[in-house]
Student: 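The structure is given below, and queries will be raised subsequently.
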Amino acid sequence: MSAEKFHLEAAEALTAWYNSHKRDLPWRLDRDPYHILVSEAMLQQTQVERVKSFYARWMERFPTLTSLASASEDDVLACWQGLGYYSRARNLRRAARLVSGAGLKTLPADEEFLRSLPGLGPYTVGAVCSIAFDLPVPAIDGNVRRVFSRLLDMPDDPARAKGTALIAAHAAAILKLGSPHILTQAFMELGATVCTPGTTCQCGQCPVSRLCAAQAAGTQAQRPVSTRRNVVERRRGAALLILVPHGCAVRRRPAGGLWSRFYEIPWLRGEADESAESCLSRLTAELRLTAPCLDLELEETLKFTCWQVRLHLWSCRMLQPPAGCDAFSADELADFPMPAGLKRLVQKALGESGEKQLELFPPVR
DNA sequence: GACTCGTGGTC
DNA sequence: TGACCAAGAGT
């Protein structure tokens, strides 16, 4: 089959399929560029179901690009709290301020300008241009890579530059044969609901299975080929819930790096094979604590791409927070940007509103 | 290109 | 349960 025929048949089949099979999603009620941008930022490396409630809350809090531009970073982070990859929220706010500062009330249909905004990479620019502005700019995400790696039965990793360029060329050619806003979402919808990873794909439901080289060769489960390996290093660690008269001691993380400027209870990640108890003694030394610590026998694992830490929680009582920390009540803490794992740990210990605070560490008589 | 940046769900 | 996954971007 010629490339032209392949592109035309794909465009027609995907358009018809999308129009009858698309899911109702909150960000598909209209094609407002701000709505598209926020949803695409939230959907980066994040599942649709998880994004739904965050998107609704965000639009209630920051209904327009202008309202986002005038919001404080703390308010923006509080709204993003729990979604992860917080640079997405910071960049979204910075982008809104740049657009607003340029005298615009909404995003312009300008690929180059959009690409210059923080947080808008090749994928997001493609998504906004094609979905909001109906321009034939391809948006290549994990779904689209999987769909095309199967359609073309690609023997190499489609995430590499060469593979992505090949996919972008095919996708752009197809977008030009129909409505870009429909076809871009059709690629992703297909990858999300039919052309799913490994053996879970449902080729019987696929509108383009007839065009699929992997389907013909029976290699669907082997596509896409992945060359990335990840070694996850496991560590133990200690966290300390320091109870003070009006709450517990919380410190603020430095700017840059992991959880930039987030709040946290003091914790420490151990070296390789270090015990949680050893981590605790290093942590108390660092905080210059002399009060005795109570083992709360609570643990929580913080997981990341390259490492994870199993945190063990201790508690102690002090009359005032140690240097570098401030006192906050459990209620106040609930609205603070704080790593989700640490928040869970604190809630396990204190309960939703701190009602366990006294029973968990009875004062010495 | 390789590494970092969160979180929760799946099989 | 551990490895992998989910609508990527910045450095």
Side-chain angles (χ1 to χ4, degrees), chain A residues 22-23 25-28 35-55 77 80-92 94-95 114-132 138-147 157-164 171 181 183-193 195-201 221 224 226-234 253 255-262 264 300-310 337-344:
Chain A
K22 65 180 171 189
R23 292 170 292 178
L25 298 174
W27 45 91
R28 286 183 177 164
H35 295 168
I36 302 302
L37 175 61
V38 172
S39 67
E40 292 302 339
M42 287 187 169
L43 286 161
Q44 288 167 17
Q45 303 292 287
T46 310
Q47 289 170 342
V48 165
E49 284 308 312
R50 182 142 184 80
V51 167
K52 285 182 178 173
S53 62
F54 282 88
Y55 179 81
L77 285 176
W80 201 274
Q81 158 71 49
L83 202 51
Y85 284 141
Y86 298 96
S87 64
R88 295 182 292 177
R90 293 189 172 96
N91 285 336
L92 215 41
R94 289 175 53 205
L114 292 175
R115 187 64 181 85
S116 76
L117 296 173
L120 281 81
Y123 165 76
T124 306
V125 168
V128 171
C129 283
S130 60
I131 299 174
I140 313 302
D141 72 335
N143 285 316
V144 182
R145 286 197 178 88
R146 185 168 55 252
V147 168
D157 187 345
R160 294 188 167 283
K162 195 177 161 189
T164 300
H181 80 272
L183 287 165
T184 284
Q185 297 189 85
F187 293 144
M188 293 193 283
E189 194 76 350
L190 189 68
T193 63
C195 193
T196 48
T199 57
T200 64
C201 55
S226 175
T227 55
R228 79 185 180 102
R229 75 214 177 286
N230 54 351
V231 181
V232 178
E233 189 181 9
R234 291 177 174 71
R253 293 182 61 83
L258 182 67
W259 292 313
S260 174
R261 284 181 299 194
F262 266 43
E264 64 179 13
E300 188 72 44
T301 303
L302 311 182
K303 292 181 176 181
F304 304 91
T305 312
C306 301
W307 55 279
Q308 64 183 48
V309 55
R310 181 125 192 103
M338 195 167 161
L342 291 181
K343 196 167 259 193
R344 278 197 305 274

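Labels below follow one simple rule: chain letters A, B, ... track the order of the sequence lines, proteins then strands, and each chain is numbered from 1. As the structure is a prediction and not an experimental result, all values here were calculated from the model.
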Student: Quantified in whole Å, what is the C1' atom distance between nucleotide C:dA6 and nucleotide B:dG1?
Tutor: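 The same atom, C1', in both gives a distance of 22 Å.
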
Student: With heavy atoms under 4.0 Å as the rule, sort A:R23 into base, sugar-phosphate or nothing.
Tutor: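 Base contact - A:R23 has a heavy atom under 4.0 Å of at least one base atom.
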
Student: It should be established whether A:Q47 places a side-chain nitrogen or oxygen under 4.0 Å from OP1 or OP2 of nucleotide B:dG9.
Tutor: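 For A:Q47, the contact criterion (side-chain N or O under 4.0 Å from OP1 or OP2 of B:dG9) is not met.
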
Student: Rounding to the closest angstrom, what is the interatomic distance between C:dT11 and B:dG6 at atom P?
Tutor: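 Approximately 14 Å lies between the P atom of C:dT11 and that of B:dG6.
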
Student: For B:dG6, does the base pair up with any side-chain atom of A:Y85 as donor and acceptor (N or O, under 3.5 Å, distance only)?
Tutor: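 Yes, a donor-acceptor pair under 3.5 Å.
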
Student: Please work out if A:V144 contacts a base, only the sugar-phosphate, or nothing of the nucleic acid, heavy-atom cut-off 4.0 Å.
Tutor: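 If one applies the 4.0 Å heavy-atom cut-off, A:V144 turns out to touch nothing in the nucleic acid.
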
Student: Checking all strands, does A:R146 fall into the base, sugar-phosphate, or nothing category for heavy-atom contacts under 4.0 angstrom?
Tutor: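 If one applies the 4.0 Å heavy-atom cut-off, A:R146 turns out to touch the sugar-phosphate alone, with no base involved.
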
Student: Could you tell me how far C:dG2 sits from B:dC5 if I compare only their P atoms? Round to whole Å.
Tutor: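 Looking at atom P only, B:dC5 and C:dG2 are 23 Å apart.
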
Student: What is the separation between atom CZ on A:F304 and atom P on B:dT7, rounded to the nearest whole Å?
Tutor: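 About 6 Å, once rounded to whole Å.
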
Student: Among C:dG8, B:dG8, B:dG1, which nucleotide sits nearest the side chain of A:R344?
Tutor: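 Closest nucleotide to the A:R344 side chain: B:dG8.
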
Student: By the 4.0 Å heavy-atom rule, please label A:R90 as base, sugar-phosphate, or nothing.
Tutor: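 Contact class for A:R90: none.
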
Student: Name the nucleic acid region contacted by A:T200, choosing base, sugar-phosphate or nothing; use a 4.0 angstrom heavy-atom cut-off, strictly under.
Tutor: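 Contact class for A:T200: none.
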
Student: For A:L83 and A:R50, which heavy atoms make the closest approach, and how far apart are they?
Tutor: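 That would be CD1-CG, 4.2 Å.
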
Student: Can you figure out which of C:dA9, B:dG9, C:dG10 approaches the side chain of A:Q44 most closely?
Tutor: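 The nucleotide sitting nearest to the side chain is C:dA9.
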
Student: Less than 6.0 angstrom separating the ring centers of A:W259 and A:F304, yes or no?
Tutor: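 Yes; A:F304 has its ring centre under 6.0 Å from that of A:W259.
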
Student: Could you work out which one of B:dC5, B:dT7, C:dA6 sits closest to the side chain of A:P339?
Tutor: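 Nearest to the side chain of A:P339 among the choices is B:dT7.
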
Student: Check every atom of B:dG6, C:dG8, C:dG2 against the side chain of A:D141 and return the nucleotide holding the closest atom.
Tutor: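 When the side chain of A:D141 is considered, C:dG8 is the closest of B:dG6, C:dG8, C:dG2.
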
Student: With a 4.0 Å cut-off on heavy atoms, is A:G198 in touch with a base, just the backbone sugar-phosphate, or nothing at all?
Tutor: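 No contact.
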
Student: Can you label the angle between the A:F262 ring and the A:Y86 ring as parallel, tilted or perpendicular, going by 30° and 60°?
Tutor: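 It falls in the tilted class, 30° to 60°.
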
Student: Checking only heavy atoms, does the side chain of A:T46 share a donor-acceptor pair with the base of B:dG8 at less than 3.5 Å?
Tutor: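 A donor-acceptor contact between them is absent.
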
Student: Is there a side-chain polar atom (N or O) of A:T124 under 4.0 Å from OP1 or OP2 of C:dA9?
Tutor: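 So the side-chain polar atoms of A:T124 do come within 4.0 Å of the phosphate oxygens OP1 or OP2 of C:dA9, strictly under.
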
Student: Select base, sugar-phosphate, or nothing to describe what A:W27 touches, counting heavy atoms under 4.0 Å on all strands.
Tutor: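 Base, at least one base atom sits under 4.0 Å.
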
Student: Please determine whether a side-chain nitrogen of the Lys or Arg among A:R253 and A:E264 lies less than 4.0 Å from a carboxylate oxygen of the Asp or Glu.
Tutor: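 Yes, this pair counts.
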
Student: Taking the side chain as C-beta and beyond, is there a heavy-atom pair between A:V48 and A:W27 under 4.5 Å?
Tutor: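 Of all side-chain heavy-atom pairs linking A:W27 with A:V48, at least one is under 4.5 Å.
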
Student: Please compare A:V48 and A:P118 by the position of their nearest nucleotide in DNA chain C and report the one closer to 5'.
Tutor: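 Here A:V48 is the residue nearer the 5' end.
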
Student: Considering only heavy atoms from C-beta outward, does the side chain of A:V51 approach that of A:L25 to under 4.5 Å?
Tutor: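 Counting from C-beta outward, A:V51 and A:L25 never come under 4.5 Å.
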
Student: Would you indicate what A:R94 reaches in the nucleic acid, counting non-hydrogen atoms under 4.0 angstrom: base, sugar-phosphate, or nothing?
Tutor: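 Answer is nothing: A:R94 stays at 4.0 Å or more from every strand.
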
Student: Can you tell me which nucleotide in C:dG10, C:dA6, C:dG8 comes closest to the side chain of A:R115?
Tutor: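 So the nucleotide nearest the side chain must be C:dG10.
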
Student: To the side chain of A:R50, which of C:dA6, B:dG8, B:dG6 is closest?
Tutor: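 When the side chain of A:R50 is considered, B:dG8 is the closest of C:dA6, B:dG8, B:dG6.
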
